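Notes follow the structure.
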Amino acid sequence: MVMSIRQSQELLVKTPEGVVFSIPLAGMITRTLALLVDFMVIIILAKAVNFVTIWFMLVSSDLMNSLNIILYFIISTGYTIFFEWGLRGQTLGKRLLGLQVIDADALPLKFSQVVMRNLLRFVDALPAFYLVGGITAFFTSKVQRLGDLAANTVVIRHRRADQPSLEKIFAGKYNSFCDYPHLVAKLKQRIDIMEADIALQALSRRDDMSDSDRLLLFDRLASHFKEIIEFPEKTTFGLSSEQYVKNVVDLLFTKKKM
């Protein structure tokens with residue numbers, strides 16, 4: 001069981017081995033910027049639909065306005081649900097800003113949670129400019145709006161890796177996974193921000209762990225990544241679990257020529 005706690009604007013994830021990883025929570029400014037990007041996309045989609053509904057004005061202007069309101073609700077809610085579920089917790093705005101919705105207990109995000117947090121978005125937006133949601137997020141310990149509280153979700157931000165530490169971790173060994181760019185592309189698509197960040201932190205802090213905890217943790221991480229994408233046996237033969245994780249993180253955080 002993975003346990004999470006929150007301290008100083010960070011979500012702390014504790015593994016069964018007792019190793020704690022920190023994931024920064026998204027602040028109000030970056031969440032607002034992501035919201036603005038998504039709002040612009042929704043407006044463009046709604047405008048496109050208006051070109052169709054405008055013909056209903058020939059019947060009744062009230063009918064046209066009613067249809068526009070209903071369709072705006074469907075478009076705005078459907079957009080966020082579709083992308084947050086399809087992109088594993090990210091809308092286009094969140095992806096651009098490096099944000100992601102995750103379960104507050106660091107468990108896999110469920111479709112019901114995505115639906116719940118987005119259905120309550122209109123309550124958070126009351127009376128205007130997301131005032132209710134903003135006030136709620138400001139006073140909650142995990143920066144959660146009402147939709148997040150109801151769905152038990154939080155929004156995290158992607159921590160940019162420090163380049164010198166990456167060079168130290170990945171120096172001196174060829175990454176055999178680079179020989180399969182199509183599998184690398186799938187791997188990058190299927191691994192989310194939280195998984196990548198935890199794996200990077202594990203490599204950065206491996207010398208601080210006991211030998212048994214280190215072995216068990218990297219066995220778990222390697223098994224998880226193998227379930228996501230399976231590389232040919234000739235590229236993984238003889239690789240330790242730690243080296244396997246190192247190869248994966250190398251692909252996620254550094255630019256490779258393939």
Side-chain angles (χ1 to χ4, degrees), residues 6 9-11 23-51 68-104 106-140 142-161 185 188-198 200 252-253:
R6 189 265 186 182
Q9 299 297 308
E10 290 189 331
L11 186 72
I23 304 173
L25 293 165
M28 297 295 294
I29 295 177
T30 51
R31 288 184 67 169
T32 301
L33 291 175
L35 179 65
L36 290 175
V37 172
D38 290 328
F39 181 71
M40 286 189 290
V41 175
I42 291 170
I43 289 298
I44 292 172
L45 294 174
K47 289 292 185 182
V49 172
N50 284 349
F51 282 112
N68 284 337
I69 293 173
I70 294 172
L71 290 173
Y72 178 80
F73 174 82
I74 293 173
I75 291 169
S76 58
T77 305
Y79 164 85
T80 50
I81 291 175
F82 175 81
F83 279 104
E84 283 188 0
W85 180 244
L87 297 181
R88 306 180 70 177
Q90 292 183 302
T91 57
L92 298 181
K94 287 184 178 71
R95 172 159 287 197
L96 182 64
L97 273 294
L99 308 183
Q100 181 186 10
V101 179
I102 66 169
D103 180 270
L107 297 172
L109 191 64
K110 298 177 181 177
F111 181 69
S112 59
Q113 291 176 290
V114 174
V115 173
M116 176 67 73
R117 75 183 305 274
N118 284 295
L119 287 180
L120 289 176
R121 187 177 296 277
F122 286 90
V123 179
D124 282 309
L126 297 174
F129 306 110
Y130 274 81
L131 184 61
V132 170
I135 292 174
T136 306
F138 182 81
F139 285 104
T140 52
K142 296 181 182 179
V143 198
Q144 295 168 293
R145 59 179 180 81
L146 290 178
D148 288 317
L149 290 171
N152 193 41
T153 55
V154 294
V155 181
I156 61 172
R157 63 179 174 83
H158 185 205
R159 192 199 329 260
R160 294 189 179 276
K188 291 181 177 180
Q189 182 181 21
R190 296 178 184 178
I191 293 180
D192 63 32
I193 293 171
M194 183 179 68
E195 294 170 323
D197 191 61
I198 287 177
L200 177 60
L252 296 175
F253 286 95

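Since this is a predicted model, take the numbers as computed values, not measurements. Side-chain atoms are counted along with the backbone in the values below, which use heavy atoms only and exclude waters and symmetry mates.
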Of all heavy-atom pairs linking Ala104 and Val154, the shortest is CB-CG1, 3.9 Å

Close side-chain approach of Leu109 and Met194, heavy atoms under 4.5 Å
no

Among residues at least two apart in sequence or on other chains, which ones pass ring pair (Phe, Tyr, Trp, His ring centres under 6.0 Å) with Phe83?
Tyr79

Side-chain donor/acceptor of Thr80 to backbone N/O of Thr77, under 3.5 Å:
yes

Please report the C-alpha distance between Asp197 and Ile23 in whole Å, then the side-chain angles of each, then the deciding distance to 0.1 Å, and finally whether the side chain to side chain contact (heavy atoms under 4.5 Å, CB included) criterion is met.
CA-CA 8 Å; Asp197 191 61; Ile23 304 173; 4.2 Å; yes

Start with the C-alpha distance between Val143 and Met28, add both sets of side-chain angles, then the distance that settles side chain to side chain contact (heavy atoms under 4.5 Å, CB included), and finish with yes or no.
CA-CA 8 Å; Val143 198; Met28 297 295 294; 4.0 Å; yes

When rounded to the nearest 0.5 Å, the distance separating CG of Leu99 from OG1 of Thr30 is 5.0 Å

Of Asn118, Thr91, Thr153, the residue whose pairing with Glu84 passes side chain to side chain donor-acceptor pair (under 3.5 Å)
Asn118

Report yes if some heavy atom in the side chain of Ile29 is under 4.5 Å from a heavy atom in the side chain of Leu33; otherwise report no.
yes

Spacing of OG belonging to Ser112 relative to CG belonging to Leu119, to within rounding of 0.5 Å:
11.0 Å

Pairwise distance CD1(Ile135) to CG(Asp124) - rounded to 0.5 angstrom
11.0 Å

A side-chain contact here means heavy atoms from C-beta on lying under 4.5 Å apart; do Ile42 and Tyr72 qualify?
yes

Could you go step by step and tell me if Gln144 and Thr136 meet the side chain to side chain contact (heavy atoms under 4.5 Å, CB included) rule?
CA-CA 7 Å; Gln144 295 168 293; Thr136 306; over 6 Å; no

Phe39, CZ atom: more than 12 neighbouring heavy atoms under 6.0 Å
no

Considering non-hydrogen atoms only, spot the tightest contact between Gln113 and Pro108 and give its length.
OE1-O, 3.9 Å

Rounded at 0.5 Å granularity, tell me how far CD1 in Ile193 sits from CD1 in Ile102.
9.5 Å

Check step by step if side chain to side chain contact (heavy atoms under 4.5 Å, CB included) holds for Phe111 and Ile81.
CA-CA 9 Å; Phe111 181 69; Ile81 291 175; 3.9 Å; yes

Heavy atoms of Phe253 and Ala196 approach each other most closely as CE1-O, 3.5 Å

Which value, rounded to the nearest 0.5 Å, describes the distance between Ile43 atom CD1 and Ile75 atom CD1?
9.5 Å

Carboxylate-amine/guanidinium contact Arg121 Asp38, below 4.0 Å
no

Any chance you could measure Leu120, atom CG, to Asp148, atom CG, to the nearest 0.5 Å?
10.0 Å

Is the backbone N or O of Gly134 less than 3.5 Å from a side-chain atom of Arg31, with the two atoms forming a donor-acceptor pair by type?
no

Name the one of Gln100, Gln90, His158 that satisfies side chain to side chain donor-acceptor pair (under 3.5 Å) with Arg95?
Gln90

